[in-house]
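Reading through the structure tokens given below for one structure.
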Amino acid sequence: MSKTSKVCQSVTGMNDVLPAEAPRWRALEAAFRAACARYGFGEVRTPVCEYTELFTRGIGEETDVVAKEMYSFEDRGGHSLTLRPEGTASAVRAYLEHTVGNTEPVARWYYVGPMFRGERPAKGRYRQFHQVGAEVYGDGSAAVDAELIDLAYGFVQSLGISQCKVRLNSLGSGDTKRRYAAALQAYYTPLRDKLSEDSQRRLTVNPLRILDSKSPEDVALRGGAPHLLAVLTDEDRQHFDKVCAILTRLGTPFEVDPTIIRGLDYYSRTIFEISETSGRLGAQDALGGGGRYDTLISDLGGKPTPAVGFAFGIERLLLAASDEALRADSAPVCAVLAVDRTDADLVHAEALAIAKELRSQGLSVVVDTRFGKLDKQFRHAERAGAVAAVIVGKQEIDEQTVKLKDLVARQERSVGRDVLAENVRALLQASRSGSPTE
RNA sequence: GUGGCCAUAGCUCAGUAGGUAGAGCGUCGGGUUGUGGUCCCGAAUGUCGCGGGUUCAAAUCCCGUUGGUCACCCCA
């Protein structure tokens, strides 16, 4: 595709999903919706952009997401809008705007949709990417944390992603994070020169990040660093222990990892990540993650309401998921072919009329409206996945019949027009139940 | 945002002592009379990502740019 302009070029990092790939997306989204439904969640749909302030206040001005990755612009009224970089802030905004807390003590919501971050694209990382996520408002219990993680893990399993692990940590509540950051600074400051360049910067900006650095020099120093779990309050500790205990009872595998931090400021207490461990996602092996954010709702002006949620990247799940798990069980297809050696226009119209008639019965019907030679029409039918073909020509029209061919058994018989639909339906159903391996 | 690698038909790629392009798959047509997965024959499609430079001559060398990719950063 040659081009001197960008007219026919999608925006960097924003991709098309063509019909060949779309079924996998639909299957994944359907799996997520089904999982959420089983856990009592309802869908929330919010706009793709919000007033910028929602994100700067909600996610945190200092986070990378807000500081350098947002797609912001001015609308005609001079307001600063931002394409949502994640789903939680929008969902919380909707929750508050519609005062859901006043009528539902606990709200369980899920969402599916595009998010936008201006990062450098790579495999599994795009500027428009898509997430599925779930949130629970109004329940601060360890039980809901565990249930949510269980939902997330079960969903990943249902996609046939066997090589993955759940890592769990607690950020504590109140000023635990700040106290811990101070403790880390106290530990690392004397060692500053031994830290990686990035971590020397992190030391002042976000010391917790030093913990999940991949630089060898940082990894070497990590051993002596104070442990986050060690500085938790008794209550936070109990909450965390309870989450672990319930997960164990549910049989949801996890490992406690004191180094996971999460990139958004609003998290407190339970946080978790689910990553793919086969290595085929490269550096983008984080499939999803989430945690508790008990102060976000009050930070945004609501009354204090505990909340917890998670999100997964659809593109990454798609990379990791097995084809079997995402196979869409599409309806069997019937093709209508026209023998048009004589009275072509009449026969073509009749073929379409037959197709319409079958479609009105709820059947999936394809017609190669180019109406080439019969063998071409057969090839077209085959490629469309048709298991049955209706063949009509001048002779059949005159006789008020049609040829009905079983494309699998390669057998054909003459069928009266008045009983065509039921015969086609029977043939399609037989093909579905008769081929368990495909 | 930083660094490395890559960029040839719809797809996968071949084409390096620089001389204006090929294969497989796919697509389309044909193998005469109304029947498909094999086989045979034939055809179309690329300003070799884009722009500039070196050269008599560049897909092939140099620079820039755009896009992709890998690592980092960060995250989903």
Side-chain angles (χ1 to χ4, degrees), chain A residues 1-6 8-15 18 20 59 63-69 85-88 113-133 152 156 196-199 201-202 205-206 209 212-215 218 260-264 273-276 281-290 310-320 335 337-342 344 347 368 370 372-396 403-408 410-412:
Chain A
M1 181 69 55
S2 70
K3 60 217 150 224
T4 50
S5 74
K6 301 202 175 207
C8 280
Q9 180 174 115
S10 70
V11 174
T12 302
M14 303 195 183
N15 306 116
L18 299 180
I59 299 172
T63 61
D64 278 22
V65 169
V66 168
K68 50 190 196 195
E69 296 173 0
E86 54 102 52
T88 296
M115 309 293 164
F116 303 83
R117 293 183 198 172
E119 297 182 278
R120 182 138 166 195
K123 181 167 68 173
R125 159 190 289 173
Y126 306 101
R127 292 187 174 173
Q128 175 176 330
F129 62 105
H130 299 76
Q131 289 189 330
V132 296
V156 171
S196 69
E197 203 174 313
D198 281 323
S199 286
R201 178 180 53 80
R202 293 185 182 110
V205 180
N206 193 352
R209 278 267 159 238
D212 62 357
S213 163
K214 289 163 193 162
S215 313
D218 298 335
I260 67 168
I261 298 303
R262 311 290 308 151
L264 311 179
E273 286 183 10
I274 298 184
S275 49
E276 210 274 349
L281 296 203
Q284 280 73 48
D285 64 351
L287 296 171
F310 68 75
F312 283 96
I314 294 182
E315 285 84 350
R316 292 183 188 181
L317 291 172
L318 250 15
L319 285 171
L337 318 191
V339 175
D340 55 2
R341 295 187 64 237
T342 55
V347 176
D368 182 355
R370 293 172 299 183
K373 292 198 164 185
L374 235 208
D375 60 339
K376 302 295 182 193
Q377 294 186 53
F378 266 107
R379 284 188 59 185
H380 174 269
E382 184 192 338
R383 239 170 300 170
V387 295
V390 172
I391 302 151
V392 60
K394 184 64 167 60
Q395 185 184 329
E396 284 79 6
K403 294 286 192 303
L404 176 57
K405 181 161 186 174
D406 181 334
L407 292 178
V408 181
R410 299 191 154 221
Q411 289 173 341
E412 116 180 355

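Reminder, nothing fancy here: chain letters follow the sequence lines and each chain counts from 1. Below, each value reflects all heavy atoms present in this structure, side chains not excepted, and no hydrogens, waters or symmetry copies. Keep in mind it's a predicted model, so treat the numbers as computed, not measured.
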task = State whether the aromatic ring of A/F312 stacks on the base of B/A76, taking stacking to mean ring centres under 5.5 Å apart and ring planes under 30° to each other.
result = no

How is [X] classified with respect to the nucleic acid when contacts are heavy atoms under 4.0 Å: base, sugar-phosphate, or nothing?
| X | answer |
| --- | --- |
| A/L317 | nothing |
| A/A122 | sugar-phosphate |
| A/G288 | sugar-phosphate |
| A/E396 | base |
| A/L374 | base |
| A/Y126 | base |
| A/G13 | sugar-phosphate |
| A/L407 | base |
| A/E412 | base |

Any donor-acceptor pair under 3.5 Å between the side chain of [X] and the base of [N]?
| X | N | value |
| --- | --- | --- |
| A/K123 | B/U69 | no |
| A/R120 | B/U2 | yes |
| A/Q377 | B/U35 | no |
| A/R117 | B/A76 | yes |
| A/Q284 | B/A71 | no |

Could you tell me how far [M] sits from [N] if I compare only their [atom1] atoms? Round to whole Å.
| N | M | atom1 | result |
| --- | --- | --- | --- |
| B/G46 | B/A23 | P | 15 Å |
| B/A21 | B/A9 | C1' | 10 Å |
| B/G31 | B/U20 | P | 38 Å |
| B/C50 | B/A7 | P | 13 Å |
| B/G3 | B/C73 | P | 16 Å |
| B/G4 | B/U47 | C1' | 31 Å |
| B/C48 | B/C61 | P | 15 Å |
| B/C13 | B/G52 | C1' | 29 Å |

Heavy-atom donor-acceptor pair, [X] side chain to [Y] backbone, under 3.5 Å:
| X | Y | value |
| --- | --- | --- |
| A/D218 | A/S196 | yes |
| A/R316 | A/A286 | yes |
| A/R117 | A/P85 | yes |

ask   = Do A/D285 and A/S275 have a side chain donor and acceptor closer than 3.5 Å?
value =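 No, no side-chain donor-acceptor contact under 3.5 Å.
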
Please report the closest heavy-atom contact between [X] and [Y], naming both atoms and the distance.
| X | Y | result |
| --- | --- | --- |
| A/F116 | A/F129 | N-CE2, 4.1 Å |
| A/T12 | A/P121 | CG2-CG, 3.9 Å |
| A/M14 | A/S10 | O-OG, 2.9 Å |
| A/A320 | A/E276 | CB-CG, 3.7 Å |
| A/T342 | A/V347 | O-CG2, 3.7 Å |

Separation of [X] atom [atom1] from [N] atom [atom2], in whole Å?
| X | N | atom1 | atom2 | value |
| --- | --- | --- | --- | --- |
| A/L18 | B/G10 | CG | P | 15 Å |
| A/M115 | B/A76 | CE | C1' | 10 Å |
| A/Q395 | B/U35 | CD | P | 13 Å |
| A/D285 | B/C74 | CG | P | 14 Å |
| A/D218 | B/C73 | CG | C1' | 13 Å |
| A/I260 | B/A76 | CD1 | C1' | 14 Å |
| A/Q411 | B/U35 | CD | P | 18 Å |
| A/D340 | B/U35 | CG | P | 12 Å |

remark   = In 5'-to-3' order, the base (B), backbone-only (S) or no-contact (-) status of each nucleotide in nucleotides 27-33 of chain B, using a 4.0 angstrom heavy-atom cut-off, is SSSSS-S

Nucleotide of [options] approaching [X] most closely (side-chain heavy atoms):
| X | options | answer |
| --- | --- | --- |
| A/D198 | B/C72, B/G36, B/A76 | B/C72 |
| A/T12 | B/G36, B/G68, B/A71 | B/G68 |
| A/F378 | B/U35, B/C73, B/U69 | B/U35 |

request  = Name all stems that contain residues of RNA chain B, defined as runs of 3 or more consecutive Watson-Crick or G-U wobble pairs, both distances under 3.5 Å.
outcome  = B:1-7 with B:66-72, B:10-13 with B:22-25, B:27-31 with B:39-43, B:49-53 with B:61-65

request  = Starting from the 5' end of RNA chain B, give me the residue, A/P121 or A/Q131, whose nearest nucleotide shows up first.
outcome  =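 Here A/P121 is the residue nearer the 5' end.
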
query = Between A/N15 and A/I274, which is nearer to the 5' end of RNA chain B once each is assigned its nearest nucleotide?
reply =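 Its nearest nucleotide lies further toward 5', so the answer is A/N15.
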
message = Enumerate the salt bridge (Lys or Arg N to Asp or Glu O under 4.0 Å) contacts for residues 118-127 of chain A, please, sequence neighbours excluded, ordered by first and then second residue.
response = A/E119-A/R125

inquiry  = Suppose we screen for salt bridge (charged side-chain N to carboxylate O under 4.0 Å, His left out). Which residues come up paired with A/E86, at least two apart in sequence or across chains?
reply    =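 Checked A/E86 against salt bridge (charged side-chain N to carboxylate O under 4.0 Å, His left out); zero matches.
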
query = Who are the side-chain hydrogen bond (donor to acceptor under 3.5 Å, both in side chains) partners of A/E273, not counting sequence neighbours?
reply =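 side-chain hydrogen bond (donor to acceptor under 3.5 Å, both in side chains) list for A/E273, sorted by chain: A/R167, A/R262.
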
Please output the side-chain donor-acceptor pairs of residues 372-389 of chain A that fall under 3.5 Å, not counting sequence neighbours, one pair per line with the distance.
from, atom 1, to, atom 2, distance (Å)
A/Q377, OE1, A/A338, N, 2.8
A/Q377, NE2, A/A338, O, 2.8
A/Q377, NE2, A/G372, O, 2.9

task = Verify the contact: side-chain N or O of A/R125 to OP1 or OP2 of B/C70, cut-off strictly under 4.0 Å; return yes or no.
result = no

